[in-house]
Amino acid sequence: RHRILYWIIRSAYPFADGMVAVSDGVAARLKAIPRVRPEKVHRIYNPIDAVEVEQKASQPLQHP
């Protein structure tokens with residue numbers, strides 16, 4: 001199953017107009033795919049502040 005998915009990615013991604021990665025690591029893995037042009041890979045960080053989410057999750061919920 002993993003091999004089939006990787007084959008599909010290798011076959012289709014070079015035709016994409018652009019690719020968005022959520023981190024530098026993901027961007028590097030995308031750029032390592034054969035025939036993917038590095039200038040098509042764009043990194044946009046996840047807009048969620050994990051620390052803030054954890055802090056709010058630890059507070060009691062004040063909802064009826």
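Nothing here was measured: the structure is a model prediction, and the numbers come from that model. FYI, side chains are in, hydrogens and waters are out, and symmetry mates aren't considered; it's all heavy atoms of this structure.
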### Atom of Pro34, atom of Pro14 and distance for their closest heavy-atom approach
O-CG, 4.0 Å
#### Entry: Sidechain N-carboxylate O distance under 4.0 Å for Lys40, Asp17
no
### Query
About how many Å separate CD of Glu54 and CD of Gln59, when rounded to the nearest 0.5 Å?
12.5 Å
### Query
If you round to the nearest 0.5 Å, how far is OH of Tyr6 from NE2 of His2?
9.0 Å
### Task
Measure the spacing between CD1 of Ile44 and OG of Ser23 and express it to the nearest 0.5 Å.
12.5 Å
### Task
Can you measure from CZ (Arg29) to CD1 (Ile9) and round to the nearest 0.5 angstrom?
9.0 Å
### Message
Distance check, rounded to the nearest 0.5 Å: Arg37 atom CZ versus Leu30 atom CG?
### Response
15.0 Å
### Task
Check Ala21 against Ala27 and note the closest heavy-atom contact, atom names and distance.
CB-N, 3.5 Å
### Arg10 versus Arg35, closest heavy-atom pair with distance
O-NH2, 3.5 Å
#### Entry: Gap between atom CE of Met19 and atom CZ of Arg43 - 0.5 Å precision
15.5 Å
#### Entry: Side chain proximity check, Tyr13 to Val41, heavy atoms < 4.5 angstrom
no
#### Entry: Common cluster, Leu5/Ile33, ILVMFWY with side-chain heavy-atom separation under 4.5 Å
yes
